[in-house]
Asker: 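Have a look at the structure that comes next, please.
These values consider heavy atoms only, across backbone and side chains, with no hydrogens, waters or symmetry-generated copies.
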Amino acid sequence: MRNFTFYNPTKIIFGAEREADFAREVAKLGKKALVVTGGGSVKRNGIFDTIVEALKDADVAIVEESGISPNPRLNEVKDGIRIARQENVDVILAIGGGSTIDAAKLMAVGVPTDAEPWDIVLGKVKPERALPLATVLTLAATGSEMDPSSVITNLETQEKYGWGSPLVYPAVSLENPAFTTTVNAWHTAAGTADIMSHVMEQYFTLDDRAYVADSLAEGILRTAIHFGPVAIAEPDDLEARGNLMWASSLALNGLLSIGKDYPWSVHDMEHELSAKYDITHGVGLAILTPHWLNHVLNKKTAPRIARFARNVFGIQEADDVACAKAGIEALSAFFASLHIPMHLKDVDIDESRLEEMAEDLANYRHGVIDGFQPLHKEDILAIYKAAL
Ligand code: NZQ
Ligand code: ZN
């Protein structure tokens, strides 16, 4: 194993009827919160009222910022920063999925600085201070509830990029599985694919030194494969919802990348799609991942993909290349079984901008995605074309 330092300061409060415990933690962070929400789901299903009530009992005043879009936009973040300053809030509290939490993270570092928020996303400015952040997770997917990352879309430039800072680890996150029972089949499927993709991005490496992390990864993949279909068939199944929720957090809280290289490949390719076509992130990942694996399959990568096929899908095949191919097919069939459309054209993406997206991404990555296998512009384009 490589040397490592593990740090994750997020306190997770998991389970039913823990709102009061959560509100008490928020009260320790500040007395006035900017409550950030999305397009209205949390108002319709009562989560907002439940949390606000608990905050009131804990003497935390609130100001609201609603309307954060899926693939959250820079201008929405700027709105939140303006209100937070105007109202002099001392904590940011996101109630929602990854989009709402990610927007809240950029608000948290954006409030105490004069720097342009987009410059923080681009890495031109390193945030030095942040308001404390609390989250109430309502969709199992991104891991944002327990990670230091955020992904923001700039509509003007049609760019979508991730950024991160240890300052935006949430101080506390509430995970009540019941809060995810109203997530529809589409987003439950996309969330399952996103969780799996986070695990696979860290798992698919030529670095074989981290048996613990790899075994945990396989267990989380099997968990998502087991419970994703259950949550879709039985939306109120709290066992399924709870396991997916915790899998979401474990997939990106740092544990799976301990002690090895963990090169990511597919996420940046997907972010190009959702930047230009505003598609659901997890759906884009499910479409691209099997084509990416087929593209990088060779003698060097086959043993690792075969290990995935054997330990995650139980494929019995002695030859590594044949086993790897069967594993990729099983992965694709699993995503299709969740009713995820498995072609780009099914989400209204045709070939007209594939070249432009491959070019933009290659430039953003200074010529190459140095992942499981290096991906240059031609490779990215070939993967997009195969996914059409
Ligand atoms: O906006 P509302 O009305 O709340 O509805 C949302 C939205 O339409 C709905 N939803 C959420 N919770 C619900 C619910 N509907 C019913 N009941 C509930 N309990 O679901 C829709 C999708 O929400 P969104 O937050 O966009 O989904 P997700 O959590 O998948 O977040 C996606 C965003 O996160 C980024 C993605 O790129 C994308 O922008 N990512 C963030 C990461 C991170 N911070 O570490 C890593 C990821 O790889 C990812 O890139
Ligand atoms: Zn993701």
Asker: Any link between L167 and L29 through a network of hydrophobic side chains (Ile, Leu, Val, Met, Phe, Trp, Tyr) touching at under 4.5 Å?
Answerer: no
Asker: Applying the 4.5 Å side-chain criterion to the ILVMFWY set and letting contacts propagate, would L137 and L238 be lumped into a single cluster?
Answerer: no
Asker: Any donor-acceptor pair under 3.5 Å linking the side-chain atoms of K105 with those of S144?
Answerer: yes
Asker: Looking at every non-hydrogen atom in both residues, tell me the closest pair between A362 and I380 and how far apart they are.
Answerer: N-CD1, 4.4 Å
Asker: Would the distance check show the side chain of E201 and the main-chain N or O of S265 forming a donor-acceptor pair, the cut-off being under 3.5 Å?
Answerer: yes
Asker: With the side chain counted from C-beta on, respond yes when V266 and M200 share a heavy-atom pair under 4.5 Å apart, and no when they do not.
Answerer: no
Asker: Look up atom OG1 in T113 and atom CD1 in I120, then write down how far apart they are to the nearest 0.5 Å.
Answerer: 5.5 Å
Asker: Would you say that more than 12 heavy atoms from the other residues, nucleotides or ligands in this model lie under 6.0 Å from the NZ of K56, or not?
Answerer: no
Asker: Do H281 and H271 have side chains that approach each other closer than 4.5 Å (heavy atoms only, starting at C-beta)?
Answerer: yes
Asker: Hey, is the main chain of A286 close enough, under 3.5 Å, to the side chain of T289 for a donor-acceptor pair?
Answerer: no
Asker: Please assess K276 against K160 for the test side chain to side chain contact (heavy atoms under 4.5 Å, CB included), listing each intermediate value before the final yes or no.
Answerer: CA-CA 9 Å; K276 280 160 177 110; K160 178 182 183 185; over 6 Å; no
Asker: Going by the rule salt bridge (Lys or Arg N to Asp or Glu O under 4.0 Å), which residues pair with D79 if we only count those two or more places apart in sequence or in a different chain?
Answerer: R82
Asker: Would you indicate whether the side-chain heavy atoms of I12 and T10 approach each other to under 4.5 Å?
Answerer: yes
Asker: Looking at side-chain heavy atoms only, is the closest gap between T153 and S274 below 4.5 Å?
Answerer: no
Asker: Using every non-hydrogen atom in the two residues, find where P263 and T205 come nearest and quote the distance to one decimal.
Answerer: CD-CB, 3.7 Å
Asker: Taking the side chain as every heavy atom from C-beta outward, state whether W118 and E159 have any atom pair closer than 4.5 Å.
Answerer: yes
Asker: Only counting residues at least two apart or in another chain, list the ones meeting side-chain hydrogen bond (donor to acceptor under 3.5 Å, both in side chains) with D119.
Answerer: none
Asker: Could you see if V136 belongs to whatever hydrophobic cluster contains V89? Use Ile, Leu, Val, Met, Phe, Trp, Tyr and a side-chain cutoff under 4.5 Å.
Answerer: no
Asker: In terms of side-chain heavy atoms, does D194 have a donor or acceptor partner in S197 at a distance below 3.5 Å?
Answerer: no
Asker: In Å and rounded to the nearest 0.5 Å, what is the CG to NZ distance from D90 to K31?
Answerer: 9.0 Å
Asker: Taking the side chain as everything from C-beta on, heavy atoms only, tell me whether Y211 gets closer than 4.5 Å to D214.
Answerer: no
Asker: Mind running side chain to side chain contact (heavy atoms under 4.5 Å, CB included) on T223 and I195 for me, showing each step along the way?
Answerer: CA-CA 10 Å; T223 301; I195 293 168; over 6 Å; no
Asker: Do W163 and W264 belong to the same hydrophobic cluster, where Ile, Leu, Val, Met, Phe, Trp and Tyr are linked whenever their side-chain heavy atoms lie under 4.5 Å apart, directly or via other members?
Answerer: no
Asker: Output, in order, the C-alpha distance, side-chain angles, deciding distance and verdict of side chain to side chain contact (heavy atoms under 4.5 Å, CB included) for H267 and L285.
Answerer: CA-CA 7 Å; H267 265 65; L285 294 169; 3.6 Å; yes
Asker: Is the side chain of D207 donor-acceptor paired with the backbone N or O of Y262 at a distance under 3.5 Å, no angle test?
Answerer: no
Asker: Listed by chain and number, what are the side-chain hydrogen bond (donor to acceptor under 3.5 Å, both in side chains) partners of E53, not counting sequence neighbours?
Answerer: none
Asker: Okay, side chain of K300, backbone of L206: is any donor-acceptor separation there less than 3.5 Å?
Answerer: no
Asker: Could you check I220 against L256 for side chain to side chain contact (heavy atoms under 4.5 Å, CB included), going step by step and ending with a plain yes or no?
Answerer: CA-CA 10 Å; I220 294 170; L256 303 190; 4.0 Å; yes
Asker: Shortest non-hydrogen contact from T142 to G98?
Answerer: OG1-CA, 3.5 Å
Asker: How long is the span from the NE2 atom in H295 to the CG atom in N298, to the nearest 0.5 Å?
Answerer: 10.0 Å
Asker: Can you check whether L252's main-chain N or O pairs, donor with acceptor, with D147's side chain at less than 3.5 Å?
Answerer: no
Asker: Between I287 and H343, what is the shortest heavy-atom contact and its length?
Answerer: CD1-O, 3.7 Å
Asker: Should the pair R304 and F204 be classed as cation-pi, given the thresholds of under 6.0 Å to the six-membered ring centre and 45° from the axis?
Answerer: no
Asker: Mind listing the closest non-hydrogen atom pair of I95 and F48 along with its distance?
Answerer: CD1-CD1, 4.2 Å
Asker: Between R365 and D370, is there a salt bridge with N-O shorter than 4.0 Å?
Answerer: no
Asker: Tell me whether D57 contacts the main-chain N or O of A20 through its side chain, where contact means a donor paired with an acceptor under 3.5 Å.
Answerer: no
Asker: Examine the side chains of E76 and S69 and answer whether a donor and an acceptor come within less than 3.5 Å of each other.
Answerer: yes
Asker: Nearest 0.5 Å, what's the CE-NE2 distance between M269 and H291?
Answerer: 11.0 Å
Asker: With side-chain hydrogen bond (donor to acceptor under 3.5 Å, both in side chains) as the rule and sequence neighbours excluded, what pairs involving residues 241-258 come up?
Answerer: E145-S248, E145-S249, E175-S249, T188-R241
Asker: If you count every heavy atom of other residues, nucleotides or ligands that lies below 6.0 Å from F313 atom CZ, does the total exceed 12?
Answerer: yes
Asker: Please tell me whether W292 and F335 are part of a single hydrophobic cluster in this structure, the criterion being side-chain heavy atoms less than 4.5 Å apart.
Answerer: yes
Asker: Describe, in one word, how the ring planes of Y7 and Y169 are oriented to each other, choosing from parallel (under 30°), tilted (30 to 60°) and perpendicular (over 60°).
Answerer: perpendicular
Asker: Given side chains that start at C-beta, do those of T100 and P72 come closer than 4.5 Å, heavy atoms only?
Answerer: no
Asker: For the pair R18 (side chain) and I13 (backbone), establish whether a donor and an acceptor sit closer than 3.5 Å, ignoring hydrogens and angles.
Answerer: no
Asker: Any chance you could lay out the side chain to side chain donor-acceptor pair (under 3.5 Å) test for D102 and S99, step after step, and finish with the verdict?
Answerer: CA-CA 5 Å; D102 284 3; S99 295; over 6 Å; no
Asker: Donor-acceptor check, side chain of E65 to backbone of I83, threshold 3.5 angstrom: yes or no?
Answerer: no
Asker: Looking at Q202 and A251, would you say the former's side chain and the latter's main chain have a donor-acceptor pair under 3.5 Å?
Answerer: yes
Asker: Inspect the surroundings of CD in Q86 and state if more than 12 heavy atoms from other residues, nucleotides or ligands are less than 6.0 Å away.
Answerer: yes
Asker: What residue pairs, at least two apart or across chains, pass side-chain hydrogen bond (donor to acceptor under 3.5 Å, both in side chains) with a residue in residues 311-336?
Answerer: E218-N311, R310-D320
Asker: Just verifying a value: how many Å separate F334 CZ and L221 CG, rounded to the nearest 0.5 Å?
Answerer: 9.5 Å
Asker: What pairs with E356 under side-chain hydrogen bond (donor to acceptor under 3.5 Å, both in side chains), at least two apart in sequence or on another chain?
Answerer: R353
Asker: Would you mind checking if E351 and K385 are paired as a salt bridge, meaning a charged N to carboxylate O distance below 4.0 Å?
Answerer: no
Asker: Is there a side-chain contact between D379 and H376 in this structure, where contact means two heavy atoms from C-beta onward sitting under 4.5 Å apart?
Answerer: yes
Asker: Quick one: pull up CG in L244 and OG1 in T180 and give me the separation to the nearest 0.5 Å.
Answerer: 7.5 Å
Asker: So which atom in A94 and which in I101 form the shortest heavy-atom distance, rounded to 0.1 Å?
Answerer: CB-CA, 3.8 Å
Asker: Under 4.0 Å between a Lys/Arg side-chain N and an Asp/Glu carboxylate O for D21 and K11?
Answerer: no
